[in-house]
There are 2 protein chains.
Amino acid sequence: MTKIEAKSLVDAATERLEAAIIGGELSPGDRVREQVLAEEYGISRGPLREAIRRLEGRRLLERTANIGVRVVELSTRRLAELLDVREALEGMACRLATERISPNELAKLRAMLDDHATHEEVRSGEGYYQQSGDFDFHFRIVKASQNDYLISMVSGDLYDLLRLYRYKSSTMTGRAAQALAEHHAILDALESGDPDKAEAAMRTHIRNARIHAQLAMDKVEQEAKAG
Amino acid sequence: MTKIEAKSLVDAATERLEAAIIGGELSPGDRVREQVLAEEYGISRGPLREAIRRLEGRRLLERTANIGVRVVELSTRRLAELLDVREALEGMACRLATERISPNELAKLRAMLDDHATHEEVRSGEGYYQQSGDFDFHFRIVKASQNDYLISMVSGDLYDLLRLYRYKSSTMTGRAAQALAEHHAILDALESGDPDKAEAAMRTHIRNARIHAQLAMDKVEQEAKAG
DNA sequence: CCGCCTTCTACTGTTTACAATTAACAATTT
DNA sequence: AAATTGTTAATTGTAAACAGTAGAAGGCGG
């Protein structure tokens, strides 16, 4: 019953509920009961319902009339759909960033990748760095596109959904080294100033990640079937 | 005070409010007062607030804490942002559709374009057909992508926002003939089965529409300044 | 006459209580 | 014994009352 106290109860509840979903506290398919959650958050059902509606709009929750609210269900198909959209959106972001990113920001990105290279997890191919480092790299490029709509779509809605999958199967094992190389390729393209090349590099990277992610999910599914 | 009576008051209110915004009943920048609107729809503030929160998530409305809700403001910059996203998303949709569209659906699209060609408005370059015909053509291709996430993003959120602009400046005058030609080019690419070509054709089309739309908006703005 | 402070109004934010719908369980009938 | 129907408990849907905040209007002092 940890209380919430912030600007708006709806905002606070939204953030907290979102965090609970992304953090795995609430699993995909779980039922969300208004009364229970409202009491847990120390608020009444009104604001909580409004928070739910927001997340509903962002496709993290699904409501069936008179039945209830559930955390969105996961499937390989949905993941494939998300990654196609991600390829399109981040490809465009990278294209736009090519002409808008500052030399300063470019230097920072370069430093970031250099730093990643020193991490043991990357060289050994374990890929823990994906959790923070990868998201950070992508996020900064999206921000450099300076397209607010794009930024909010990708980093708000899309990444949230993707994070759900990351929790289910820690997808990125064994790909860290290759991913880092691809990041360098993206950065090179950005520095070259060629938008076509930049978009292509980003899309190749995401497409590779996609192949890997889906293999991992298929594997998880098969194991579930077998076990 | 036309009453609403349907599955859920929230759903009904959402649809009606959305229609009011898109239909121009509520203009961009207009304030939305909860009490007033609730009475107009014959419901109480609770459901209405939830409906507002949904549209907030879809970026049709903006809420400032303790101040109120406004219909989202329009600007050339925002339009440019939307069209960049549209290019990315519909380009991807067209790519996916290339490999998934049925011969039957292709034939229907072809028939549709043939029908458009007979319309006088198109040949004379007035372009009324844009309102329904253009949206229909694009919508069907997006649907043919069979990517539900993509479909809901484009036809749900994105088109709604774009429709706002269409109301402000009837953008597409004088471009109907060219647009139709571009539609044919897209269809040809789809039939060829080459995803790269199909994506490129769609993106070219949207980029051209974008140039035209922005010229129109700049013109409107300059007239506003002058008048 | 101008500017600042106070008060008041109107709106949004939140809670509580009530109504309606659903799903589960039990009892009765075939 | 199985199926169907009635009843009940739980949960969502809705409304209305209450609280808090921002902006406007008016009065007071400079």
Side-chain angles (χ1 to χ4, degrees), chain A residues 1-21 25-73, chain B residues 1-21 25-73:
Chain A
M1 219 217 71
T2 323
K3 257 227 172 178
I4 288 179
E5 40 188 350
K7 38 204 171 180
S8 150
L9 290 188
V10 179
D11 290 342
T14 306
E15 280 174 30
R16 186 155 169 200
L17 185 48
E18 186 189 349
I21 296 169
E25 209 173 309
L26 289 168
S27 299
D30 274 8
R31 178 120 180 252
V32 176
R33 286 198 287 292
E34 298 178 356
Q35 188 76 275
V36 175
L37 219 65
E39 277 168 19
E40 201 178 320
Y41 291 2
I43 59 178
S44 73
R45 277 177 56 217
L48 183 74
R49 276 177 68 95
E50 292 181 24
I52 289 173
R53 293 283 187 205
R54 274 231 205 115
L55 295 182
E56 215 180 308
R58 292 174 54 184
R59 292 165 230 283
L60 277 172
L61 293 174
E62 281 174 338
R63 160 168 253 133
T64 323
N66 292 315
I67 303 290
V69 180
R70 308 190 85 88
V71 179
V72 73
E73 204 77 60
Chain B
M1 218 216 71
T2 323
K3 255 226 170 176
I4 288 178
E5 39 188 350
K7 38 206 173 182
S8 152
L9 292 188
V10 179
D11 291 341
T14 305
E15 280 173 30
R16 186 155 171 198
L17 186 48
E18 186 189 348
I21 295 170
E25 211 173 308
L26 289 168
S27 300
D30 274 8
R31 179 119 178 251
V32 175
R33 287 200 284 291
E34 297 178 0
Q35 188 76 275
V36 174
L37 219 65
E39 278 168 19
E40 202 177 320
Y41 290 2
I43 59 177
S44 74
R45 280 177 56 217
L48 184 75
R49 277 177 67 95
E50 291 179 26
I52 289 172
R53 284 255 138 69
R54 275 233 206 111
L55 295 183
E56 217 180 308
R58 293 173 55 186
R59 290 166 234 281
L60 277 172
L61 294 174
E62 282 175 340
R63 161 167 253 136
T64 322
N66 291 315
I67 303 289
V69 180
R70 310 189 85 89
V71 179
V72 72
E73 204 76 60

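The sequence lines fix the lettering, A, B, ..., with proteins before strands; numbering per chain opens at 1. Just so it is clear, the structure is predicted and the values come from calculations on it, not from any experiment.
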Participant: Quickly work out the Arg54(B) CZ to dG13(D) C1' distance and round it to whole Å.
Facilitator: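 Whole-Å distance recorded here is 13 Å.
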Participant: Applying side chain to side chain contact (heavy atoms under 4.5 Å, CB included), can you list everything that pairs with Gln35(B), at least two apart in sequence or on another chain?
Facilitator: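 Counting only residues at least two positions away or on another chain, Gln35(B) forms a side chain to side chain contact (heavy atoms under 4.5 Å, CB included) with Glu39(B), Arg45(B).
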Participant: Using whole Å, report how far CZ of Arg33(B) lies from P of dG23(D).
Facilitator: 15 Å
Participant: For Gln35(A) and dC18(C), what is the distance between atoms CD and P respectively, to the nearest whole Å?
Facilitator: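 The answer, rounded to whole Å, is 15 Å.
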Participant: Check every atom of dA15(D), dT12(C), dT15(C) against the side chain of Ser44(A) and return the nucleotide holding the closest atom.
Facilitator: dT15(C)
Participant: Strictly below 4.0 Å, N to O, side chains only: are Glu34(B) and Arg63(B) in salt-bridge contact?
Facilitator: yes
Participant: What nucleotide, of dG13(C), dG23(D), dT12(D), holds the atom closest to the side chain of Glu34(A)?
Facilitator: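 Taking heavy atoms from C-beta onward, the closest nucleotide is dT12(D).
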Participant: Separation of Ile67(B) atom CD1 from dG13(C) atom C1', in whole Å?
Facilitator: 13 Å
Participant: Pick the nucleotide of DNA chain C nearest each of Val10(A) and Arg45(A); which residue has the one closer to the 5' end?
Facilitator: Val10(A)
Participant: Taking only the side-chain heavy atoms of Asn66(A) (C-beta and beyond), determine which of dG13(C), dT14(C), dT21(C) contains the nearest atom.
Facilitator: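 The closest nucleotide is dT21(C).
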Participant: So does Glu56(A) pair up with Arg53(A), basic N to acidic O under 4.0 Å?
Facilitator: yes
Participant: Tell me whether the side-chain N or O atoms of Arg63(B) pair up with the base of dG13(C) as donor and acceptor below 3.5 Å, since no angle test is needed here.
Facilitator: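 By the distance-only test, no, there is no pair.
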Participant: Check the distance between dT11(D)'s C1' and Arg70(A)'s CZ and give it to me in whole angstrom.
Facilitator: 13 Å
Participant: In whole angstroms, how far is the P atom of dT12(D) from the CG atom of Leu48(A)?
Facilitator: 10 Å
Participant: Compare the minimum distances between each of dC11(C), dA15(D), dT22(C) and the side chain of Pro47(B), then state the nucleotide with the smallest one.
Facilitator: dA15(D)
Participant: What is the distance, to the nearest angstrom, from the CZ atom on Arg49(A) to the P atom on dA15(D)?
Facilitator: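 Those two atoms, CZ and P, are 11 Å apart.
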Participant: Rounded to whole angstrom units, what separation is found between the OH atom of Tyr41(A) and the C1' atom of dT15(C)?
Facilitator: 19 Å
Participant: Which residues pass the salt bridge (charged side-chain N to carboxylate O under 4.0 Å, His left out) test with Arg58(A), sequence neighbours left out?
Facilitator: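 Testing Arg58(A) for salt bridge (charged side-chain N to carboxylate O under 4.0 Å, His left out), a comparison that skips the adjacent residues, returns Glu18(A), Asp157(A), Asp160(A).
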